[in-house]
Amino acid sequence: MSVRSTRNGGLETVPEVPLGQTLVSKGVITDEQLADALMTQREHGHDKLLGEVLCDLGFADETAIAEALAESWGVPFVAQPARTADPGVLEHLPREFVEEHRVLPLFHVRNTLTVAVPDPADLWLIEETARLSGAEVQVAVAGRSEIDAAIQAYLPAANVFVIDDIYEDLKEEDFSVVERQATELADLEEVAGHGPVVKLVNYIVFSAVQEGASDIHIEPDDHRLRVRFRVDGRLYERLSPPHRMHAAIASRVKILSNLDISERRVPQDGDCNVMIEGRPIDLRVSTMPGKFGEKVVIRIIDSRNARLGLDQLGFGAQMLEAWKQVVEQPNGIALVTGPTGSGKSTTLYSVLQSISTDEMNISTIEDPVEARIPGINQSQVNTKAGFTFAGALRAMLRQDPDIIMVGEVRDAETAGIVTQAALTGHLVFSTLHTNDAPSAVTRLVNLGVEPYLVAATLRGVLAQRLVRKICPHCKTTLEPDERTEATIRAGGFDPGQLFCGAGCSRCRNTGYAGRLGVFELMVPRGAVLDAIAAGESLQAIRASLEGTDFRTLRDDGLEKVARGLTTPQEVLYAASQ
């Protein structure tokens, strides 16, 4: 079954299965809901499509409607057209036509233009698209809001280009600066401002944000330059520009982040802000000299990813309730621990959103501020200006705070002030870099906090890691090997039926899409509290946790494996202890 234009301008269609029947058969709506929607549609003179009526009544969401429409007409369904579309093919249709009729060109192959539309039954639209583009048209279905978002993202002139067009615009003399002295600042600035370089850097950043990347790595080799994105915690190569572009690309990134483009012998750090899809994105830039030139790493801080509800992070019901009790204490210290990139800041942002009220003064000290939270006073450290965590914390305590968040306890001075703040009636949230929850105690003691003060102030420690979720579009059963099965049984779980992702185009053939947290929560009580106060060793503190309801990172991860959310390999990789 297909909906497409033909070379002679006609249309090939096969009668569709009614949308309502498809939705009922899929279990999205009931027969009664379908009858109500049809009656509402008739009462309003059929001025709305059935899918729109179902959405208005709250019987089905836009994505379910679009997916059912695609199934009814036998055409592809595109869940995220912004990620699927090639920005360069937008030029095949007039801008006004694209915006007015919500028709999004996806890609153009052998005189066939594939477009995403919200309604595949609009035969006039398909025919007009074929006429304007001069190509055969293959239809796919996507949700209206997804198409609107993709159009908004791709239509701005600065972002509409094809990577091959950039390479074609390059001239050898544009990059002759690679062979010159680094002190020729004017030449370096001129080359970094050339159209192809500007377009390529824009494309790299824009693509990384669209694909949900957390970092961009620009890495020169002897005769090769590669650009890699970190998506869901793993790096993969995205493109390989000509090697001669390296100096110009690095200089362009430096100009954007106010770094010294003439200095390539020492590491540099900077930042800049960009607007993508109408929202601000912060970029933290780090350069590092190497044998074949500077490596550039760009950390992407997207506020959209940093603001999640506590129930969206992956907590089990019992642990979520215990963590809520910790963060609702009137005073003390609550810590989140884990390595860099484990989602600690996201967890703390979620906590602050959940407890923020108009009656509280909540203040934060961060490096950097990763997301703006309404109603919360947020400050960013500036080490160069002398505005450190410790100095900012002293000033904040004179601002009558109820709750304080300190981005990280890095040194003895900050640890001491945080402890004193907790003893004087404040609730303090912060992070530490430790491997597990019990290690946070010894870390605080090593920073100079007396064991009895740790016991008096510590309300809870949450350790966490991030694991990749199985892609729902290619999820299939997994036959575990003997070692994996033994590991799962040792954790107290029955392997039962396990799952993995087979790999598909939606997950870049990785089998994974998105991430969720695995956690362990230590709430000091009884023997654990006595061990902390007595200054016992880490081994003794861990021993005191035996027989309690304490669950390790691996235990929590294996439970998520048993629930079919992730794979054993992910849990064993993230929680190896």
Side-chain angles (χ1 to χ4, degrees), residues 1-23 34 37-38 40-57 60-82 84-155 160:
M1 231 167 134
S2 67
V3 179
R4 62 180 297 152
S5 69
T6 61
R7 291 183 182 274
N8 59 15
L11 292 171
E12 296 175 351
T13 61
V14 177
E16 61 176 316
V17 177
L19 172 63
Q21 181 180 329
T22 301
L23 289 167
L34 175 59
L38 290 171
T40 302
Q41 188 184 34
R42 287 193 296 270
E43 290 174 352
H44 290 82
H46 293 270
D47 60 342
K48 283 190 176 183
L49 297 173
L50 177 59
E52 294 177 302
V53 175
L54 288 167
C55 287
D56 291 344
L57 294 173
D61 60 33
E62 184 183 89
T63 301
I65 296 294
E67 196 166 2
L69 274 171
E71 183 175 324
S72 295
W73 283 84
V75 298
F77 167 67
V78 184
Q80 295 179 308
T84 306
D86 177 357
V89 303
L90 275 171
E91 64 189 21
H92 286 73
L93 293 173
R95 178 186 184 119
E96 296 76 13
F97 181 79
V98 168
E99 291 180 316
E100 180 180 355
H101 298 288
R102 284 195 177 100
V103 52
L104 176 68
L106 297 175
F107 38 84
H108 184 263
V109 180
R110 295 179 181 176
N111 201 40
T112 297
L113 179 66
T114 301
V115 298
V117 296
D119 179 19
D122 191 342
L123 302 185
W124 175 87
L125 177 59
I126 300 168
E127 191 170 33
E128 189 68 6
T129 300
R131 185 185 69 80
L132 292 171
S133 65
E136 295 184 18
V137 175
Q138 175 68 54
V139 171
V141 179
R144 291 175 182 271
S145 60
E146 290 287 346
I147 291 176
D148 288 341
I151 290 173
Q152 181 184 6
Y154 286 129
L155 274 182
V160 180

Restricting to side-chain contact (heavy atoms from CB on, under 4.5 Å), what partner residues turn up for E146, sequence neighbours left out? P81
From L54 CG over to L49 CG, what is the distance, rounded to the nearest 0.5 angstrom? 10.5 Å
Do you know the tightest heavy-atom contact between A66 and G143? CB-N, 3.8 Å
When rounded to the nearest 0.5 angstrom, what is the spacing between CD in E136 and OG1 in T129? 13.5 Å
All heavy atoms of P120 vs all of V139, minimum pair found to be CB-CG1, 4.1 Å
List the residues meeting side chain to side chain donor-acceptor pair (under 3.5 Å) with E62, not counting sequence neighbours, and say none if there are none. S145
d(E99 CD, L93 CG) to nearest 0.5 Å is 12.0 Å
Residues in side-chain contact (heavy atoms from CB on, under 4.5 Å) contact with T63, at least two apart in sequence or another chain: D61, F77
Could you tell me the separation between the OG atom of S72 and the CD1 atom of I65, rounded to the nearest 0.5 Å? 9.5 Å
Applying the side-chain contact (heavy atoms from CB on, under 4.5 Å) test to V78, which of L106, I147, V141 qualifies? L106
Between CD of E127 and CG of D122, what distance do you get to the nearest 0.5 Å? 10.5 Å
Search all heavy atoms of Q138 against all heavy atoms of T112 and return the closest pair with its distance. CB-CG2, 4.0 Å
Return the minimal non-hydrogen interatomic distance between V115 and P105, and the atom names on each side. CG1-CA, 3.9 Å
Sequence-distant partners of F97, ring pair (Phe, Tyr, Trp, His ring centres under 6.0 Å), two or more places apart: H101
Identify, with sequence neighbours excluded, every residue that meets side chain to side chain donor-acceptor pair (under 3.5 Å) alongside R102. D148
Rounded to the nearest 0.5 Å, what separates atom CD in E128 from atom CG in L123? 13.0 Å
